[in-house]
Structure formats: C-alpha cells, structure tokens
Protein chains: 2
Amino acid sequence: MSFDTCGIIGKSSALQEVFRILAKVAPSDSTILVTGESGTGKELLVRALHRNSRRADKPFVPINCGAIPRELLESELFGHEKGAFTHAIRTKIGRFEMAQGGTVFLDEIGEMDLSLQVKILRVLQEREFERVGGSKTIKADVRVVAATNRDLEEEVSKGTFREDLFYRLNVIPIVLPPLRERGEDVIILARYFLKNFCTNHRPGILGMAEEVADILARYSWPGNVRELENFMERMSILCDGESIGLVDLPDKILRETGVEVPKRVPAPADASFRWPELKDLREKSMGLKEFLDHVEERLLTEALGEVDGIKNKAAEVLGIKRTTLIEKLKKKNML
Amino acid sequence: MSFDTCGIIGKSSALQEVFRILAKVAPSDSTILVTGESGTGKELLVRALHRNSRRADKPFVPINCGAIPRELLESELFGHEKGAFTHAIRTKIGRFEMAQGGTVFLDEIGEMDLSLQVKILRVLQEREFERVGGSKTIKADVRVVAATNRDLEEEVSKGTFREDLFYRLNVIPIVLPPLRERGEDVIILARYFLKNFCTNHRPGILGMAEEVADILARYSWPGNVRELENFMERMSILCDGESIGLVDLPDKILRETGVEVPKRVPAPADASFRWPELKDLREKSMGLKEFLDHVEERLLTEALGEVDGIKNKAAEVLGIKRTTLIEKLKKKNML
DNA sequence: GCGTTTCTGTCATATTCTTGACAGTTAGGC
DNA sequence: GCCTAACTGTCAAGAATATGACAGAAACGC
C-alpha cells in the first residue's frame, strides 16, 4: 500500500488494521481523534498520518494540552498581541499560525479546559480564530488531529468535555490498541529496542533468549510501548553476558507470567552460542570467505527446513529478499 | 617467482629452498637427481619440474625401476624389435622413445641393475640408444630425472652402483626433506588432506582441534607425506563428531609424542564450537546479511589482533587478498 | 647514508551479489 | 469451471565486492 509508517513497528493484525484505516484517511483533510492508552505511540501515529497526507511538506505542530498550564495554553495555541496581559511583552505567534497549511496535533485533549474547548470548536467549524488580546481574525488552514487516553464519551456525560466538540473531533476515530493486544509485536519491538540501545550504548551485542522473549510477550505491559522501551534500555545496561536470560528478568514480570525462576545455580551453558573465532576457521581449515559461505549455507538450509521449504517464508525469516535467497541457493547448487 | 608447484603443499623453509632451486634448474635441460625418503613426494616434485621446464608440453614419462622385473626393464625403457626374444611378438616402443622431446623420470634408480646402468649412462652421455635386439641407433632428445631413496654414495662404495653414472646423474642434486623436518607443513598438509577426504567421502565437515594438530606436528612420520595422507583418510572415516579430538588419536602417536591421554571421562565441551543456528540470529535480532557481516567483523578484528595489526599477515591468515581486507575494513569503518 | 624488503592505501577494473519487474504454477474457495 | 492468493523461477540493471597494478612510507641490513 506504500504507506510510510514512520518508524512504527509491528506486524500484528491489530496494528495492520490501524494502518489500513490510516492509509485511507491520510490523504483527506478530515479531523481525526486518536484514542489509546498512554504509551501506545499516539504521537508517532499522528506523525505518520501527517507524513502521508497532502500536507506532508508543511509543518507538523504537536502540542501537549495536558502538559501546559491552562493559563498559558490559550496563548500558546493562538498567540497573543503585545500587552494583552502582564508579561505579554511582545506579540507572539501561536501554534495554529505556525502550522499554516500543515497539521496541528492536540495531544491529551481530554485535559483541556472547557473554555478553551469552545475556541477549538470555532477553529474546527469556522476555520478561524483571534490571537489573545487581538482583534484581527486569522484564517486557519490547518488539519486538526486530537488524541487522548481518556474515555471522552464518559467525560462528556460527566460534563467535563463539550459534547459538540467531541462530535466534531470524532469524525474519524482511530483506536490504537494497547501493546498487550498486539501479540507478536511485543517481541519484535523488544528486539528492536534492545538492538538500538546496544548499538548506541554498548560494546558488543546483547541478545535475548527465545524463552525470555516468550515471557515478555505474555506480560501485560500496562505502560505499553513506552514501558517496553524503558525496560529494554534497563536490560541493555544491567545485563553483562552475551544474552538476556530468565534470571535477569525482574520478579514483577516473572510473577505475573507465572514462571518458575530456575535459580542461578545450574548455568548449563550446554550448547550456548559462541561467536566463531579464528581457531574455528583453522580447525576446519577454511578461509574467511569459505567459512562465511558455509555458515550461510547452514542457515539457509535450516531456514528452509523450518518453513517446509517455502522459499518465500524462508527469505523473510532470514531478512533477505526472496529472489536473493533463490540466487544464493542457485550458487550453492541447492536448487 | 611464478613457479607452478603442481599441488605440492607447504610453507616450510626447507621446502621453499627446494622450490628455489627447482625454479632455477627447471628451465635448463640439466640432469637432476632427487633424493628423499620414501613418501616424501619425489614424483610430484619431478612433475612440477617438468611442468615448469621448456618441455612442459611434451610427454612426461615416469618409470619405477624398482617395480619392474629386471628382465623386462630394459625393453620397457628402450623398447625391442620383433623377435628379439621369446614373447617379443612385435616391435615395441620404449619409454625413452615415447618421451621424445620430454622428460623421463627414473624412479628408484638405486634398484637398477648394473648392466642397465651402463645403458642409461650412454643415453646421458651420447644421447642415443638402441632397441633391444635392434641395430638402429636412436637419438634420445629427453631430459632425464632420476630419484632414489637410497644413499647412492654408499651404493657406489659397496659397488652396487656405478660411480660414473652417479656423477652423471648427480649434476644437480635435490634433497627432498623428510616430513619431520618440514615443521609447520605437517599441519598444513594434515588439514589439506582432511578437508579433501571430507568433501569426497563424508557428509559435513570434520575439523581438527589445534591441540591435535600440535601433536601431529611433533610425530616423526616415518612414512612421510604418504603416511600422513593415509592417516588423515583413516581419521576422516573413523571419527564421528564435529572434530578430531585427542582421544581419537592412535596410541602409537600419543606414546611417541608423550601425551597424557586425558581419558574419555571429562568431555568438558566448555566452549566448543557450534555452527550458528537460526535461533542465534533471532536472539540477536539480526538478518542473515547483518549476522554474517558481524561474524566477519569479529574475525577480522581477531585476525588483526593476532598479528599485531599487520594487515598483510592478517589477510593471509584469513585466506583473502590484502586489498580485500583493506576494503572490508574500510566498509566497516575500522580503518 | 643507501638499497632492499615489507607494509601500506588508492584506484580502476572485473566479478559477484542483490533486487525489482515479470510471467508462469499451484492450491484453494466457491 | 473460474477467481484469487500465494509461491515459483528468470532476467537485467544497478549496487557492492574482490583484486591487480601502482606508488608512497616505514623498517632493516650494511
């Protein structure tokens, strides 16, 4: 579908469904409301939306409505004229103006003051606004995307969120699934983060045993992707060996997933991995190229075996193109 | 020096010295006497000589003087006319005639009858001979190379070898060193043979631990290269595992080299080699290419470390060209 | 010093590898 | 049957790699 996912990683059907919707709505200018638990990557999603819209080369202006004191938020959004209030020393451009032609991302819109909600509503309906303390009306050629982790319908019934604004925003609702519902993605993301942290902050490479990956996949990740990312960073710093083992996992995760901690006693190290060394080349009387070829051949064979000879899948497992795999097999007379 | 060694393998200074001489004398037509224990590869050496001579595209005719009954040897060498003796049903061309323009290799010349020695001498001096029972004198445009594992000087003093022939042959003496004096070559050859037998008669690859190689290098190899070759073939058939271990070596060799057999008990398998598997890629979240690159990088680093950063030597250790090594380092930002 | 050897990096060339585009097969689903 | 989806191999072009030829720098012997 040629949709730029801008670094959002995952293959779960839940996520793919989100991408499907996103690809459909991105080209239009419709207002979008993204809902999802905190840490599910809402901002990333909206960035992707922007990048795939007609406004991609115009500004993307995110603003976290929950992080800014309500007194300041208005002038932040709309700007203010000089002398509008104390400290308003000079005229200031607001986010909506900065975003001309582009996209404004209102994060945590559920935190927004009722009084401000009206002004946002006006922007959505009339496509215009005024700076704080200003009288000139400014046209707003912006696409508005909002996000929240609250249940806005509930806020509406509690009276803390304007019903009319909710309906305006909720033209296209997109629900970002929590990590725990993205199955396989946990492992993909975990390995991705681990690798990232290693290349940046570590000599050598820290691996993760498959049993460990399985446990992580079963954990609930209440903090979603953000929690996972932090967790992998911690692991990359704390673990010394070649690979993250069961013993390295914090009790919290082990308890929740109900794993018997095998104690640090056994250390079987039966057939654990060891990077090939020069002496291994010598032992097999191979040159570098021949050795690498042989390693490659073994991996090709194993990959093919694992997927019943389906070259298509084997190539994916190996992270190479199918045609590349075929050419390799040809070269090695395995075809 | 661009000398084609025709499959003679080794780097020992003893052997290099032989090559040096060989390269010098090959282009000339001088008679050569190769001395060396049995199994040192005399025939191979003479073939190399021939191939590097001006006669390379003419016949190379070897004849083992010790293997042919003396009654037959003469007619074998010089041919015979029809009816020269019983069974001489038809005229037969001898080896010297076959070799016209090429090289005749008289192996085990020490075994040759005194009466025949005279005729060889005539070939060397007059460059001519007659077929057995023939009267026509035939010109012999051949280069003669002789070899023996006996001490010809001793044979001369015992009276079993003609002094004049000895001096004629011994124009250029080449002494092929016994394997036990070729140090490092034992290991090179052992690995070479092992690899050969494996590719031909075995699924998979049998390696040889470095400790084993060290022991082989210390053994005396009375049968020289031939014994070593046979031995490696035996190993390739008898050993089951990934690699030849101390326990696989016959007592004879262990006793001679004074090695304590560590019994079959321990089997520590501490950090023994294991070919990388698919799960190792997954554990490190690498694709095939990235993984191989990483293995390569580690090996490059290790090789460089082993030779104090001398890229020239590192390349040799790895069995690649120096320039290739440099390009690889460049690509990996290690330069 | 000076000649010789050894090691070095660069560069152009030849070779090999990778991949996208294509077209043909097979296997179900209906 | 027919359609779709997944899998297959081929091929050409572009990217990447390997290597021979070169020339400059260090090391060595004398």
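These figures come from a predicted structure and were not determined experimentally. Residue numbers start from 1 in every chain, and the chains themselves are labelled A, B, ... in the order their sequence lines are given, proteins ahead of strands.
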Margin query: If I take atom NZ in residue B:Lys332 and atom C1' in nucleotide D:dA18, what distance separates them, rounded to the nearest angstrom?
Written below: 13 Å
Next item on the list: Round to the nearest Å and state the distance from B:Asp293 atom CG to D:dT17 atom C1'.
Entry: 11 Å
Does the pair [X]/[Y] count as a salt bridge with the N-to-O cut at 4.0 Å?
X: B:Arg47; Y: B:Glu43; result: yes
X: B:Arg282; Y: A:Glu306; result: yes
X: A:Glu210; Y: B:Lys279; result: no

For residues 310-334 of chain A, please give each side-chain donor-acceptor pair under 3.5 Å, one per line with the distance, not counting sequence neighbours.
residue	atom	partner	partner atom	Å
A:Glu316	OE2	A:Lys11	NZ	3.0
A:Lys328	NZ	A:Glu296	OE2	2.7
A:Lys332	NZ	A:Glu296	OE1	2.9

Kindly say whether [Y] contributes a backbone atom to a donor-acceptor pair with the side chain of [X] at under 3.5 angstrom?
X: A:His50; Y: A:Phe105; value: no
X: A:Arg55; Y: A:Gly101; value: yes
X: A:Asp280; Y: A:Glu277; value: yes

Next item on the list: Heavy atoms of chain B, cut-off under 4.0 Å: which first and last nucleotide of DNA chain C, 5' to 3', fall inside that, if you could look?
Entry: C:dC7 to C:dT18
Check: Sequence neighbours excluded, which residues qualify as side-chain contact (heavy atoms from CB on, under 4.5 Å) partners of A:Glu37?
Finding: A:Thr40, A:Pro178, A:Arg180, A:Asn224
Item checked: D:dT17 phosphate, OP1 or OP2, under 4.0 Å from B:Lys331 side-chain N/O -> yes
Next item on the list: Work out how much the helix from C:dG1-D:dC30 to C:dC30-D:dG1 bends between its end axes, five pairs an end, to the nearest 10 degrees.
Entry: 40°
For residues 285-292 of chain A, please give each side-chain donor-acceptor pair under 3.5 Å, one per line with the distance, not counting sequence neighbours.
residue	atom	partner	partner atom	Å
A:Glu290	OE1	B:Lys195	NZ	2.7
A:Glu290	OE2	B:Lys195	NZ	2.6

Next item on the list: Check DNA chain C against residues 300-326 of chain B and give the residues with a non-hydrogen atom under 4.0 Å, in numerical order.
Entry: B:Gly309, B:Ile310, B:Lys311, B:Asn312, B:Lys313, B:Arg322, B:Thr323, B:Ile326
Note to self: Test side-chain contact (heavy atoms from CB on, under 4.5 Å) on B:Leu179 and B:Val186; report intermediate values, then the result.
What the structure shows: CA-CA 7 Å; B:Leu179 189 50; B:Val186 175; 3.8 Å; yes
